[in-house]
Amino acid sequence: MRMASNSPFLLYSAACVILVAVLYGWVFSRQQNHHATPADVPDIAAAVKLLVQAEAQETNGHGAEAANMMTESITILEGQNYLTQVPLPLLFNTGISLAKYHQWQVSKACFRNVETRLENGHPKLLDVYTNLAHIEKSMGNNEAEVTMWEKANKLQPANAFALFGLANAQYNIGRIQESCTLFEKCVTIDPSNGLYTFMYGECIRKTNSLEPAKAQYKKALDLIIDAHTLYSLGSKLLDVDQSLTMKYYIKAMGKAKTPDYTRYIVYGLGRLLADMGRLDDEQQLYSVAVSRGVLLNSKQRPLILVPSLATNDAWPNLQLINKLREVINVLESHANAIKQEFNAKYFQVEDYSKNFGKDVEHLTKHGQWSQGALIREGQWMQSANSFPETKHVIELVKGMIEAENMPKQACELSVLAPGTVVKRHCGPTNHKLRLHLGIHIPENCGIWVAGEERKWQQGKVLVVDDSFEHYVWNNDSQPRAILIVDVWHPNLDSKERDKIRDMFDNTESKTDTAEGFSRDTDH
């Protein structure tokens, strides 16, 4: 929440305009009293000027650049103990902006300073505590998050929002009885809030009272009108009551305001129908989505679609593959070393396979599918250090233009145990292609994409567009292992790639977009 225009800080705009000039004089006077050195004067004044400029940059849509400017400025000001000279509204808004770009520690410094400068009981403290609670949660400081919500509740005991924050924080660290009491109070204060009602139901279910919990879920369904909330909460019920999940999804589809979010719901509803064995209804859903322009192809159903890359060709053609030839050559030329390193770990170290992550998406129809994540969300994972040769090869690929600065990139070692089948599904986006390097390929395994089967080959790369419907199987007595590396779709030029990077930067904090990328899966 931004500082309101009718806050006590009515001279905000004027203060920002004259701030740098005033600060020069203030620092100079401090210098005369030996509290600052001559070198401090330009540094501090420049830092405050940079902060004012950064807010303007963010307003003009340059969020990532603004966040870097803000971080630099706050770091300088905090280091010199001059944060108190920044106008409160500017410091508050800077804290919000930094949190949006996950600069948690610097954002926390802003809000802590604002907290110390507001008098006890000031109503704006509620916003400060709310933001600090969010920051502590994001940093993994669960008890500190609870403390912030407790401060908010002490400030405004009858505020349902603050009470819900405390209830949710208690719930997330396993204090079910305490959170049940708090959620019930939330519902009492605001019985028209469907989210409060739903979470009260979740607490009841945790105490093994399923039917009373379902009664709360049904009440919540009648109350909630936001598409994203309906879809997100409905997904929580997949293991509770699939028919109830479907009601949430269908209502969400009716409330969705954009084709992009409708496609998101189609993605989940289609998977639910398939799991329920309602295959005809699933295909009918996709046909209707195509007829209404939500999907361009019933077999290509990513959460986020780059329309210029939409195609009817489920398998990349030779022209596309040739554009990736240099990357393919790098992977295939190191295939033997990658295989030896994998075999030395996975087959020769006792129980090493337990280090591989399991299928948290519930896509495995039967058997066991596990992944050794090397890169997630574009960031190296700790597990990559266990495979130094493989990591070296991926670093070579990441340095090539085909994979340079790629958002949401994933690389992993993927293993299908004997007798494993992974269900039909689509990947989350079509801005990339996936390179499958065969590491350990038995005879009776393969991949099906939009009606056509292919086989992996030992030491060779298979190029896959996983935005198309696909599934994999291993009917052999030996495990199947491949290395997966994401690269840019070669039909994207440099300007289009920049636009996609900007899109992910600008939507990182928007749950309706980002949630689809919380986990990037393949086989």
Whether [Y] and [X] form a salt bridge (side-chain N of Lys/Arg under 4.0 Å from carboxylate O of Asp/Glu) is what I want to check.
X	Y	result
Glu58	Lys100	yes
Lys432	Asp465	no
Arg454	Glu452	yes
Arg271	Glu282	no
Glu202	Arg205	yes
Asp275	Lys423	yes

Residues Thr262 and Arg292: side-chain donor-acceptor under 3.5 angstrom:
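Absent: no donor and acceptor within the cut-off.
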
Per-pair distances, 0.1 Å, donor-acceptor, side chain in residues 192-201, under 3.5 Å, sequence neighbours excluded:
unit_1: Ser192; atom_1: OG; unit_2: Asp190; atom_2: OD1; d: 2.7
unit_1: Asn193; atom_1: OD1; unit_2: Leu195; atom_2: N; d: 3.0
unit_1: Asn193; atom_1: OD1; unit_2: Tyr196; atom_2: N; d: 3.0
unit_1: Thr197; atom_1: OG1; unit_2: Asn193; atom_2: O; d: 3.1

Verify whether the ring centers belonging to Tyr346 and His440 lie closer than 6.0 Å.
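That pair fails the under 6.0 Å test.
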
Pair listing, salt bridge (charged side-chain N to carboxylate O under 4.0 Å, His left out) test, anchored in residues 300-318, at least two apart
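Those involving residues 300-318 are Arg301-Glu469.
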
Under the side-chain hydrogen bond (donor to acceptor under 3.5 Å, both in side chains) rule, collect the residues that match up with Asn343, sequence neighbours excluded.
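Asn343: no side-chain hydrogen bond (donor to acceptor under 3.5 Å, both in side chains) contacts found.
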
Validate the cation-pi geometry between Lys391 and Trp380: distance from NZ or CZ to the six-membered ring centre under 6.0 Å, angle to the ring axis within 45°.
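Flagged: Lys391 positioned over aromatic ring of Trp380.
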
Could you please spell out the steps behind the ring-ring contact (aromatic ring centres under 6.0 Å, His included) verdict for Tyr264 and Tyr261?
CA-CA 5 Å; Tyr264 191 97; Tyr261 198 68; 5.2 Å; yes

